There are 2 protein chains.
Amino acid sequence: MSLDHLLLGALREPASGYDLKATFEQVYRHFWPAELSQIYRTLRRLEAEGLLTSRRAASDIGPERRVYRTTAKGRARLRRWLQEGPQVSDDRHAFCAQVFFLDELEEPEARLTFLRALRDEFAVRRSQLEAIEAQWRADDPRYPDGLPPAELMQQFTLALGIEKFGAIARWAETCIARLEARQQQETADAAPL
Amino acid sequence: MSLDHLLLGALREPASGYDLKATFEQVYRHFWPAELSQIYRTLRRLEAEGLLTSRRAASDIGPERRVYRTTAKGRARLRRWLQEGPQVSDDRHAFCAQVFFLDELEEPEARLTFLRALRDEFAVRRSQLEAIEAQWRADDPRYPDGLPPAELMQQFTLALGIEKFGAIARWAETCIARLEARQQQETADAAPL
DNA sequence: CACTGCATGTAACCTGTTACATGATTTC
DNA sequence: GAAATCATGTAACAGGTTACATGCAGTG
């Protein structure tokens, strides 16, 4: 039900499904990706439940839009979700399962290749979030601790993304170093002076 | 399709669905939780695809078991999955979405309560993995860098779990400190000498 | 006899993904 | 006139969750 609450939160400011998709791509992506088809479907359901209202609106540039907004009931639902405390679900990391069975690749070099690709992938993701942070810092002299409450909370989530991706990239780097050290050790053992 | 590959990897050693559930709980849980009903369903499908075989076996203690094992074809499939490189999917963190909208709770104390619960939850999870690590270290003098390859890879995944939960707990702690500092600042501003 | 643990499964449901369909408006 | 962007949707499918059903064997 998290998508529901994300939409209720986002639609405290009016927006169309198409607008929301852009927000998901730019802002929520690193903690909650969503496809347009799912957004539209969920918006209709939330409206039927009375948690959102919609009105048609002309677009400057394309076809008519349907603009949604959270109702008082929807806002109460959002608040209840927050009051219930943190909803910590288990996450699924396919790459971690892969590492678990990586011994199945018998060549040490293949294992290193895998781990380097992993490190690079997360380093890129971290950099992308750091770029967003740098832009924000450049645009607003209050960044980060002078920001108003709503934006401060949003800054917290950005900081988490950077920490999380950074932690995984550093972990991969450590694994690589440990494997390399082991390989050197084995070479030394195989050809003693 | 990661559950498929996890089962193919796990069933390089024979096991029943029930056994596998225990392994998921104890070992895979922090990167890939799975329910029994889903495990059974997937085992049957993988057998139909020729990636697993099964035989009936008596149990010492309960009803007859169905013991599965990965076939050569299944093992090749596993290896291919690893050779395709890291499969990095986006993850969903409901708690992060909650933090994003936490300004909706207007009392600063409510926000702190939320963040403290979050910190505690992840600190507990980290401790649980650290306990597993301590046990392993006590049981095997080769831990960690003298372990044979298969176990070394498994140790890598444990280390990731500890890092990941630790990073989130530290992040939450930082958020708490920043909010507390802000509150003190506001109190000082409101009542200057 | 009730309870716990062992063991396998079915059915209904919910959430999320992928592929496709439709059509307006602007730009090259 | 073709392509890109804006905009809304449908349908089929895949993956995961929850609730329930069944029955064996050992323990208190």
Side-chain angles (χ1 to χ4, degrees), chain A residues 1-8 11 14-26 28-49 52 54-68 81 87-94 97, chain B residues 1-8 11 14-26 28-49 52 54-68 81 87-94 97:
Chain A
M1 306 286 274
S2 293
L3 178 61
D4 295 27
H5 295 101
L6 256 170
L7 293 173
L8 294 178
L11 290 169
S16 71
Y18 194 84
D19 294 338
L20 286 162
K21 174 60 176 167
T23 306
F24 272 81
E25 284 309 307
Q26 290 159 27
Y28 307 149
R29 198 179 172 284
H30 75 91
F31 59 85
W32 206 277
E35 296 302 323
L36 247 182
S37 59
Q38 202 193 349
I39 292 170
Y40 282 125
R41 183 216 270 162
T42 307
L43 287 173
R44 259 174 283 137
R45 202 193 68 236
L46 293 175
E47 186 172 24
E49 292 176 31
L52 297 176
S54 74
R55 56 182 171 79
R56 297 181 162 280
S59 170
D60 298 342
I61 193 172
E64 206 181 35
R65 299 148 50 80
R66 180 171 288 278
V67 175
Y68 290 87
W81 181 55
Q87 193 180 307
V88 180
S89 56
D90 299 305
D91 32 42
R92 294 190 160 80
H93 297 305
Chain B
M1 305 286 275
S2 293
L3 178 61
D4 296 28
H5 295 102
L6 255 170
L7 292 173
L8 294 177
L11 290 169
S16 70
Y18 196 84
D19 294 338
L20 287 162
K21 173 61 175 166
T23 306
F24 272 82
E25 285 308 307
Q26 291 159 30
Y28 307 149
R29 197 177 173 286
H30 75 91
F31 59 86
W32 205 277
E35 295 303 322
L36 247 182
S37 60
Q38 201 195 350
I39 291 170
Y40 282 126
R41 182 214 269 163
T42 308
L43 288 172
R44 260 174 282 134
R45 201 192 69 233
L46 294 175
E47 186 173 22
E49 293 176 29
L52 298 176
S54 74
R55 56 184 171 76
R56 297 180 161 282
S59 168
D60 298 344
I61 195 173
E64 206 181 35
R65 299 148 50 80
R66 181 171 288 277
V67 175
Y68 289 88
W81 182 55
Q87 194 180 308
V88 180
S89 55
D90 300 304
D91 31 42
R92 294 188 159 80
H93 297 304

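Order of the sequence lines sets the chain letters (A, B, ...), proteins ahead of strands, with each chain counted from 1. If you're wondering where the values come from, they're calculated on a predicted model, not measured in any experiment.
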> Would you say B:Lys21's side chain and B:Ala34's backbone share a donor-acceptor pair under 3.5 angstrom?
Replying inline: yes
Atom pairs, protein N/O to nucleotides 9-11 of chain D N/O, distance under 3.5 Å:
unit_1: D:dT10; atom_1: OP2; unit_2: A:Arg44; atom_2: NH1; d: 2.8
unit_1: D:dT10; atom_1: OP2; unit_2: A:Arg44; atom_2: NH2; d: 3.2

>> If I take atom OH in residue A:Tyr18 and atom C1' in nucleotide C:dT25, what distance separates them, rounded to the nearest angstrom?
In response: 12 Å
>> Just checking B:Arg29: does its CZ atom have more than 12 heavy atoms from other residues, nucleotides or ligands closer to it than 6.0 angstrom?
In response: no
> Quick one: side chain to side chain contact (heavy atoms under 4.5 Å, CB included) partners of B:Tyr28, sequence neighbours excluded?
Replying inline: A:Phe100, A:Phe101, B:Leu6, B:Ala10, B:Thr23, B:Phe24, B:Phe31
>> Nearest whole Å is fine: how far is C:dA11 C1' from B:Glu35 CD?
In response: 16 Å
> What nucleotide among C:dT15, D:dG15, C:dG16 has an atom nearest to a side-chain atom of A:Gln38?
Replying inline: C:dG16
> Please give, in whole Å, the distance from C:dC6 P to B:Glu25 CD?
Replying inline: 13 Å
>> In whole Å, I'd like the distance from the CG atom of A:Leu43 to the P atom of D:dA7.
In response: 14 Å
> Given atom CG of A:Asp91 and atom C1' of D:dG15, what is their separation to the nearest angstrom?
Replying inline: 17 Å
> Nearest nucleotide by nearest heavy atom, which residue falls closer to the 5' end of DNA chain C, A:Trp32 or B:Asp19?
Replying inline: B:Asp19
> What heavy-atom pair brings B:Trp81 and B:Ser2 nearest, and what distance separates the two atoms?
Replying inline: CZ2-OG, 4.1 Å
>> If you compare every side-chain N and O of A:Arg92 against the phosphate oxygens of D:dT17 (OP1, OP2), does one of them come in below 4.0 Å?
In response: yes
> Which whole-number value in Å describes the distance from A:Leu6 CG to C:dG16 P?
Replying inline: 10 Å
>> Could you measure the distance from the CG atom of A:Asp4 to the OG1 atom of A:Thr42? Nearest 0.5 Å is fine.
In response: 6.0 Å
> Run the side-chain contact (heavy atoms from CB on, under 4.5 Å) check on A:Leu3 and B:Arg92 step by step: do they pass?
Replying inline: CA-CA 10 Å; A:Leu3 178 61; B:Arg92 294 188 159 80; over 6 Å; no
> Whole Å only: how far is the CZ atom of B:Arg45 from the C1' atom of D:dA14?
Replying inline: 9 Å
> What is the distance from CG of B:Leu7 to C1' of D:dG16, rounded to the nearest Å?
Replying inline: 14 Å
